Amino acid sequence: MPSLEIRTAAAADLPAVTDIYRYAVLHGTATFELIPPDLAEMTRRFAALIDGGYPYLVASLEGRVIGYAYAGPYRPRPAYRFTVENSVYLQPAIHRRGIGLQLLQRLIAESEARGYRQMIAVIGDSANAGSIGVHARCGFQMIGTHPDVGFKFGRWLDTVMMQRALGDGGNTLPAA
Ligand SMILES: CC(C)(COP(=O)(O)OP(=O)(O)OC[C@H]1O[C@@H](n2cnc3c(N)ncnc32)[C@H](O)[C@@H]1OP(=O)(O)O)[C@@H](O)C(=O)NCCC(=O)NCCS
């Protein structure tokens, strides 16, 4: 594969990230957002994640950002603080070349290094074979399906919950 790089995202990557997510919002069912956030909003979200100490990665091919992945808080209440929810998006033209897998594997490693213990994927649409497949490849277990909790493009959509332990998971107590 020509010069694929997975690296920590920088503010300069956000126009490309915004474009990738815009396509997913307008044409896909992985996200339940209906109106694509603009660059200012994506920058605000990025800053909140970085300030919170979460990993935010991009995949760059020949110097062009073609995908991204990040982990963020699963739920805001503090007892959830060792659990993260992940997101991974690629430009559609480069699906199924192993790039999503590499992004997710690196995101898992970066989340483990930061001491998080569980990663949860909330996958929009039970027909999203790509997302379910890449999470299964990375060791996520199927937790279950919330049927018909979304409505987009004129149809009801499920969310599929998948989960993977990070590091020691629940086998040891966290440091703090
Ligand atoms: C989900 C997504 C990130 C996967 O990335 P990708 O680069 O296309 O996937 P990969 O090529 O790395 O696939 C890795 C493995 O996942 C599984 N997989 C990927 N796509 C699959 C599909 N369409 N059907 C079944 N399994 C699939 C396979 O096991 C695959 O390994 P293999 O190709 O050796 O069989 C990408 O398809 C995407 O951006 N989709 C749209 C947005 C989205 O759904 N994001 C997830 C939000 S939770």
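Note that ligands are numbered from 1 as they come in the structure, with each ligand's atoms numbered from 1 the same way. Since the structure is predicted, the reported quantities are computational estimates derived from the model, not experimental observations.
- A side-chain donor-acceptor contact under 3.5 Å links His135 to the backbone of Ser131.
- Tyr54 is not connected to Tyr80 by any chain of hydrophobic side-chain contacts under 4.5 Å among Ile, Leu, Val, Met, Phe, Trp and Tyr, and they are in different clusters.
- In terms of polar-atom proximity, defined here as any N/O pair under 3.5 Å, Ser131 makes no such contact with ligand 1.
- Proximity to Ala129 (heavy-atom distance under 4.0 Å) selects the following atoms of ligand 1: 21 (C), 22 (C), 24 (N), 25 (C), 26 (N), 27 (C).
- Nearest protein heavy-atom contact of atom 7 (O) of ligand 1 is Gly100 N, 2.8 Å.
- Contact between Ala24 and ligand 1 is absent, with no heavy atom of the residue lying under 4.0 Å from the ligand.
- Protein heavy atoms are found less than 4.0 angstrom from atom 38 (C) of ligand 1.
- Scanning the protein for heavy atoms near atom 17 (C) of ligand 1, the closest one is Gly133 C, 3.4 Å.
- Considering backbone and side-chain N/O of Val88, one or more are found under 3.5 Å from N/O of ligand 1.
- Close approach of ligand 1 to Ile99 is summarised as follows: ligand atoms under 4.0 Å from at least one heavy atom of the residue are 7 (O), 12 (O).
- Results of the side-chain contact (heavy atoms from CB on, under 4.5 Å) test with Arg117 over Val84, Thr172, Asn171 single out Thr172 as the only residue that passes.
- In terms of protein heavy-atom proximity, atom 42 (C) of ligand 1 is closest to Tyr89 CD2, 3.5 Å.
- More than 12 heavy atoms of other residues, nucleotides or ligands sit less than 6.0 Å from atom CD of Glu41.
- Residue Gln102 has no nitrogen or oxygen atom sitting less than 3.5 Å from a nitrogen or oxygen atom of ligand 1, judged on distance alone.
- Annotation: Asn128 places an N or O atom under 3.5 Å from an N or O atom of ligand 1; distance criterion only.
- One finds no salt bridge joining Asp148 and Arg155 here, because no Lys/Arg side-chain nitrogen approaches an Asp/Glu carboxylate oxygen to under 4.0 Å.
- More than 12 heavy atoms of other shown residues, nucleotides or ligands fall within 6.0 angstrom of atom CZ in Arg7.
- Rounding to the nearest 0.5 angstrom, the gap separating the OH atom in Tyr89 from the CZ atom in Arg22 is 15.0 Å.
- Crowding of Arg114 atom CZ: a count of heavy atoms from other residues, nucleotides or ligands under 6.0 Å exceeding 12.
- Taking any N or O of Arg137, backbone or side chain, at least one lies under 3.5 Å from an N or O belonging to ligand 1.
- A salt bridge links Glu112 with Arg164; the closest basic N to acidic carboxylate O contact falls under 4.0 Å.
- Using a 4.0 Å cut-off to heavy atoms of Gly130, the atoms of ligand 1 that qualify are 1 (C), 19 (C), 20 (N), 21 (C), 22 (C), 23 (N).
- The closest side-chain donor-acceptor pair between Tyr21 and Glu33 falls under 3.5 angstrom.
- In this structure, the side chain of Asp51 does not engage the main chain of Ala48 through any donor-acceptor pair within 3.5 Å.
- The shortest N or O to N or O distance between Val122 and ligand 1 is not below 3.5 Å.
- Residue Ala30 places no N or O, backbone or side chain, under 3.5 Å from any N or O of ligand 1.
- With a 4.0 Å heavy-atom cut-off, ligand 1 is reached by no atom of Ile132.
- With 3.5 Å as the limit, one finds no donor-acceptor pair spanning the side chains of Thr83 and Arg75.
- Scanning all protein heavy atoms for the shortest distance to atom 33 (O) of ligand 1 gives Arg96 NE, 3.0 Å.
- Those atoms of ligand 1 with a heavy atom of Gly98 less than 4.0 angstrom away are 10 (P), 11 (O), 12 (O).
- Set against the non-hydrogen atoms of Leu101, the atoms of ligand 1 under 4.0 Å away are 12 (O), 14 (C).
- The shortest N or O to N or O distance between Leu90 and ligand 1 is under 3.5 Å.
- Among protein heavy atoms, atom 13 (O) of ligand 1 sits closest to Val134 CG2, 4.2 Å.
- Remark: side-chain polar atoms of Lys152 are paired, donor with acceptor, to backbone N or O of Gly28 under 3.5 angstrom.
- In this structure, atom 40 (N) of ligand 1 lies nearest to the protein heavy atom His95 CE1, 3.4 Å.
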